[in-house]
Every structure is written in C-alpha cells, then in structure tokens.
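Report on the following structure.
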Amino acid sequence: MRYLVVADIHGHLERLKPLIASTVLLDGVIGAGDFYRDGKWLAENFGVPYYGAQGNNDHEETAPWITIWTVDHIRFGVIHGHQWLSSRRQQGLWHFAQSHLLDIVIFGHTHRRQQFVHEETIFFNPGSVFRPRGFPPGVGWIVGETKDQLKIWWEDLPFSSKT
C-alpha cells in the first residue's frame, strides 16, 4: 500500500503542484481535514480512493467527521483532531483509536508534524500544507504491506513566500 497523507491545505492547492505533476503511483489519499474538498480533488487527480475527514474550517454538509477502513488487515481511522482541547487531544485520540479498534490514527488540526505509538496504535499527523508550525509545509507518506513493515515519513514541499 502507498498512501499520500495531507492535512490543513486550506485551499492552497498550488503548493501541491510538484506532487500533482509527479507520476507517483498511489493506492489512496488520506485527508485529515481543513479543507476536505482539497484532499478529495487531489485523490480524483490521481484517480485513487479518498479517505478523508472534515475539519473545523470545513463546511461540507456531506463530508464525514471520521472515516474508518481496513486494508491488508490494518485498520485505519482519520479524524481532524479539533474535537478536543490541546491538553486533552492525545487522550481523545487514544479513546478514538480504542473505541474503533484502530491500528493507525491519522489526524491534523495542529499544523505540526507528529508521530507516536501508544499501546501498539500508531498516531500520525502529516503537518500542514498551509501555515505549518515548526516545520516546512509538507505531506506525509504511509507505505508498506503489513503493520510491522510500514514506513511512515514526512516530505517537505517546495515553498515560496509568494504562494
């Protein structure tokens, strides 16, 4: 499996032009909210499924607040993360993972790259395409065939202050 993971695009699709122009093969795009429609557009551009959740800056009446799916016996869940205050976010994410028996939780909202493991569940925030905090604008990747073989990393996007 090969997933492109995005969050907090906020309408700045021009920053994803290098990815859009690439010939990378994907199995899907995961979008962790703000703007749901941007991730959906990206998936349509690549001709792959979209697994997304809307965020606090989305106003898509039909967009889900969470999406859960299973691939190769790995159970994924995506949520934006604004549902909890900063001081309770990790606890909320853990409860979300536990209640849905998730192996991997993808989230956004903080505009910060983050990855941690709690009781065998992997939590991953790809950072932000727009207004990242503490890191360059970027996306994430999840690649592998089994949970034990997964490689998860961030990729910086070329950035211009004019875009």
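Starting from 1, each residue takes its place in the sequence as its number. Note that the structure is predicted; figures quoted are calculated from it, not measured.
We find the CH2-CZ distance between Trp94 and Phe123 to be 6.0 Å, quoted to the nearest 0.5 Å. If you take OH on Tyr3 and CG on Asp27, they are separated by 6.5 Å, rounding to the nearest 0.5 Å. Atom CD of residue Gln98 and atom NE2 of residue His95 lie 7.5 Å apart, to the nearest 0.5 angstrom. Taken to the nearest 0.5 Å, the OG1 atom of Thr121 stands 9.0 Å off from the CG atom of Leu101. For the atom pair Leu93 CG and Phe116 CZ, the distance stands at 5.5 Å (nearest 0.5 Å). Interatomic distance, Tyr36 OH to Trp41 CH2, rounded to the nearest 0.5 Å: 16.0 Å.
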Report the C-alpha separation of Ile30 and Trp69 in whole Å, then their side-chain angles, then the decisive distance to 0.1 Å, and conclude whether the side chain to side chain contact (heavy atoms under 4.5 Å, CB included) test is met.
CA-CA 11 Å; Ile30 302 170; Trp69 72 103; 3.7 Å; yes
Side chain to side chain contact (heavy atoms under 4.5 Å, CB included) evaluation trace for Phe76 with Asp103
CA-CA 6 Å; Phe76 289 84; Asp103 296 302; over 6 Å; no
Would you sort out whether Tyr51 and Val5 count as a side chain to side chain contact (heavy atoms under 4.5 Å, CB included), showing the intermediate values?
CA-CA 9 Å; Tyr51 307 95; Val5 187; over 6 Å; no
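Note on Val71 and Leu4: separate hydrophobic clusters, where clusters join Ile, Leu, Val, Met, Phe, Trp and Tyr whose side-chain heavy atoms are under 4.5 Å apart, directly or indirectly. Val78 and Ile122 end up in the same hydrophobic cluster when Ile, Leu, Val, Met, Phe, Trp and Tyr side chains are linked at under 4.5 Å. Put simply, Ile104 and Val6 are part of two different groups of oily side chains (I, L, V, M, F, W, Y) that touch within less than 4.5 Å, one to the next. In the hydrophobic clustering of ILVMFWY residues, with side-chain heavy atoms under 4.5 Å counting as a link, Leu42 and Val48 come out together. No path of Ile, Leu, Val, Met, Phe, Trp and Tyr side chains, each step under 4.5 Å between heavy atoms, connects Phe130 with Trp154, placing them in separate hydrophobic clusters.
Within a 6.0 Å radius of CZ in Arg2, other residues, nucleotides and ligands contribute more than 12 heavy atoms. Around atom NE2 of His118, more than 12 heavy atoms belonging to other residues, nucleotides or ligands sit under 6.0 Å away.
Proximity of a side-chain donor or acceptor of Arg75 to a complementary backbone N or O of Ile68 within less than 3.5 Å is not detected. With hydrogens and angles ignored, the 3.5 Å screen pairs no side-chain donor or acceptor of Asn56 with any backbone N or O of His82. Side chain of His111 to backbone of Arg131: a donor-acceptor contact under 3.5 angstrom is found. Within the 3.5 Å criterion, the main-chain N or O of Arg112 finds a donor-acceptor partner in the side chain of Asn125. In this structure, the side chain of Glu145 engages the main chain of Met1 through a donor-acceptor pair within 3.5 Å. For the pair Asp34 (side chain) and Asn57 (backbone), a donor-acceptor distance under 3.5 Å is present.
Residue Val129 forms a side-chain contact (heavy atoms from CB on, under 4.5 Å) with just one option from Leu13, Leu16, Asp8, Asp38, and that option is Leu16.
Counting heavy atoms from C-beta on, the side chains of Arg89 and Gln114 never come closer than 4.5 Å. You'll find the side chain of Phe35 reaches within 4.5 Å of the side chain of Asp58, heavy atoms only. Taking the side chain as every heavy atom from C-beta outward, Glu120 and Lys147 approach each other to under 4.5 Å.
For the pair Pro132 and Pro137, the tightest heavy-atom approach, listed with the atom from each and the gap, is CG-N, 3.5 Å. Contact record, Gly127 with Ala7: O-CB, 3.6 Å, taken as the closest heavy-atom pair. For the residue pair Gly108 and Ala32, the shortest heavy atom distance occurs at N-CB, 3.7 Å.
Ion pair Asp156/Arg113 flagged as a salt bridge, since at least one NZ, NE, NH1 or NH2 atom sits closer than 4.0 Å to an Asp/Glu carboxylate oxygen.
Taking the six-membered ring for Trp and the full ring otherwise, Phe96 and Phe107 have centroids separated by 6.0 Å or more.
Using modelled atom types and a 3.5 Å distance limit, the side chains of Trp84 and Gln91 yield no donor-acceptor pair.
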